[in-house]
Every structure is written in C-alpha cells, then in structure tokens.
Number of protein chains: 2
Amino acid sequence: MPKLRVHNFAVSLDGFAAGPDQGPDAPLGLGGGRLHDWVFRTRYGRTMIGEPGGDAGPDDDILAAGDHNIGATIMGRNMFGPVRGDWPDDSWTGWWGDTPPYHHDTFVMTHYARPALPMKGGTTFHFVCDTPEAVLARAYEAAQGQDVRLGGGAATIRQFLAAGLIDDLHLAIVPTLLGSGERLFDNLGSLPGYRVTDMLSTKSVTHVWLTKH
Amino acid sequence: MPKLRVHNFAVSLDGFAAGPDQGPDAPLGLGGGRLHDWVFRTRYGRTMIGEPGGDAGPDDDILAAGDHNIGATIMGRNMFGPVRGDWPDDSWTGWWGDTPPYHHDTFVMTHYARPALPMKGGTTFHFVCDTPEAVLARAYEAAQGQDVRLGGGAATIRQFLAAGLIDDLHLAIVPTLLGSGERLFDNLGSLPGYRVTDMLSTKSVTHVWLTKH
C-alpha cells in the first residue's frame, strides 16, 4: 500500500517549525532559516541548490531518503509562497525558480483557485481547494503506486496528522531555540495512533521517526 | 564558581513537562508518568526507589551525574506537593516518604510561609517566599562551595531561565506525545544566552545539554 510520508521536517528544540514574522524575505520567519542549516551542510542538500561539497554521513543519507519512491507531493499554500488571500495574478510560481525540485504532480492546498501551473523538469503545481482526504486521493492517483510526500508547512501537517492520514513522520530537531513562531505539535491531543519508532542524534540534529500503528 | 544546574528534566516530544490534570494521584498529570519510565529502567533509578536491577549504560551514567557535587536543591512548591494556597496544616512532608533523596538543604519556593522541616537522612525543607535571585543566594550559601541543583517543575525552571540564573540545563526528550499539559519552553523568547552543547539519543530518550555562555 502506498503511504503518505513526511521527511526532514525541521523543528527547533522549543518546538517551532517557523519563527515569528514569516514573509517574502523570511519564508521561515525570524531565525527560522537556522532550521535548515543542517540540510546545506550535507552533500545531498548542497546538490539541491547546485553547490559542490557537503558532508556524507547519516544526515546526508536520511535527507536523501525523503525523495525515495515518491510519486507526488502535497504542500500547504504557505509553503508554496508568501501570497495570502486572492491571487493578484499568476506571477508567483513558487520559491524554487523555474525548475522546482519535485519533478512530479505537486498539490498546493489553498482556498483560492488558480489554473494548474506546469514548470520545467516535470513539476506541475495543482491548486486544490478540497479536504485533506480528497487531496490525498488525487495525489495517490497521480503517484501511480509510489508514495506521496507531504512537504509542509506546520499547519498542513497538523491538519493531516489530526485526520490520521500520515503514515510516517520524520522530524529533525534542530538544537536552537526560536522562542516563538509556529508550533508543529499544538492542539493535537496525544495522537494515540502514533508512536516513536526511532531517534538518532548526529552532530547537527536529532532525527525522530513516528509511525502510525 | 559554583553553578546552578538542572539535570534529567524530562519533556515529551511535543514539549510538555507534565500532562493535563496534575493532582495528588497524578503528580505529573495525565500520562506524565511516562516521562519517568526511562529513569526506572536504569540501575541508578532503581536504587533510588530501593529496587534491584536496572540497566547500566549512558542513561544510567547521565542520571547519576545529576547528583554529583550538589550541595543544595531548589524546587517549586508544586514539585514538593499537590497542596495549593495556604497550608492547611504541616502534615504534607513531600512525595518522598520520611527519607527524601536530597540529604541536604532543600529550598521550596512558595508564597505561603511554613516552618523549616527537617527530615531523616539530612534533608531539611526550607519554605522560602522570595525572588529567584535571593533563594539562589541562600542555596549557594547552604551548598558551601558545591553546586546547586534546580529540580523543577517547569514553571520554576522557566522563571530561573528567564532570569538567566541557570548555568547548565540537561533535558531528556521522551519519545511520547502528551498532547497537552505544561510546557517547559513557553513565552521564554529565544533565550539568546543559551546554546545547545550536545545531544545524545539512547534507546530510551534523547539527552540535550544547554549551557549559558
């Protein structure tokens, strides 16, 4: 059975997935950029931004595992861009330039409809105004037997977690304190269907894996 | 220079130091007892409750390190007991029976005065209605050159953290979700004076060490 998976989702030691004051110049809010420093210290992470170098090792392997056997992606609108409310036009095409790193159908959850947006490299952004269950059904169909990845942000993950739709959730706890911002675990209750299956601390982060049982 | 140290302070993966509905039958709230399971799997933890067995290894060593070179303890009133408001009488003498595991002067922060309470084994509980700075000064004096340990709970640690009084803070992140309760990191800001110096995942918990720099 194909799965819905979350990978490499970074939270600070105090539980924030983004700092305060998110906006065009600070997609992850004040200080939130620190949450991804570990990514760009790895070889795989550096390749993602077209840079040489980076370290091999567990962080590199774990980062790369997030792209294995993924046939479609779902994300929240705030992960796609900083535009809120109605789309003023179709000029915003994501944070990733003209060749986004997805290379498959990517579903952007929003309350504001917009035509599908094909990009270079095989990514097509579909703007979907529907329930998590319905969006997931479309994504599974697009993935043609492969798994679906849920990218984020925190609000979108909370929504899918609360609905019990996520099969595997991998977090990276970053050893920094953001102090405020957007929490991942907030008003979720104890999520009794999920248990932690493993933890691993590296020099950079602590990886935590949760699975629905 | 003697230090103020926090050791083995357990928080859930979602950041709670106690579950909801704390009371006499559930000092750590609903589900909060799970936060200490790892302690009682260690040899040192089992000795604390007069039981044989338990595992050696990093959790055991780290747990034991919390008692090294400690000459006095500070705790919040809720860690001492479930009584709130005025003391109805002096019958409550702590959660620990007639021989508490401190064996030195132990300062209980409260707004409600009460005579000092000498216990078997060298522990004397002093009930102090004063600022964190003043209580800490008394504790350093009582410790006679050794360090002072701040026991908890979460509200007391937050108060000392916000005042920049804690030198070393060791947390144990327990791989469980409590869903609600009392957070350790809440309204603290980014605590710019503190940095994470190390993380270590064992089979049971992830240890995190923060130091004031």
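So you know, we letter chains A, B, ... as the sequences are listed, proteins then strands, and number each from 1. Quantities reported herein were computed from a predicted structural model and do not represent experimental measurements.
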Within 6.0 Å of [atom1] in [X], more than 12 heavy atoms from elsewhere:
{"X": "A/Lys3", "atom1": "NZ", "answer": "no"}
{"X": "B/Glu51", "atom1": "CD", "answer": "yes"}
{"X": "B/His111", "atom1": "NE2", "answer": "no"}

Note to self: Measuring from atom OH of A/Tyr194 to atom CG of B/Leu177, what distance do you get when rounded to the nearest 0.5 angstrom?
What the structure shows: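 Output value for this atom pair is 10.5 Å.
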Margin query: Heavy-atom cut-off 4.5 Å, strictly under: side chain, backbone, both or neither for A/Asp186 against chain B?
Written below: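 Contact with chain B: backbone and side chain both.
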Checklist line | Largest heavy-atom contact set with chain B, pairs under 4.5 Å, which of A/Lys203, A/His207, A/Arg183 | finding: A/Arg183
Item checked: Contact origin within B/Thr202 toward chain A - heavy atom pairs under 4.5 Å ->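 For B/Thr202, the backbone is the part near chain A, not the side chain.
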Margin query: Is any side-chain heavy atom of B/Ile173 closer than 4.5 Å to one of A/Thr206?
Written below: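 Contact flag for A/Thr206/B/Ile173 side chains = no.
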Next item on the list: Considering only heavy atoms and a distance below 4.5 Å, find which of B/Leu178, B/Leu191, B/Leu13, B/Val208 pairs most often with chain A.
Entry: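 Most heavy-atom pairs within the cutoff with chain A belong to B/Leu13.
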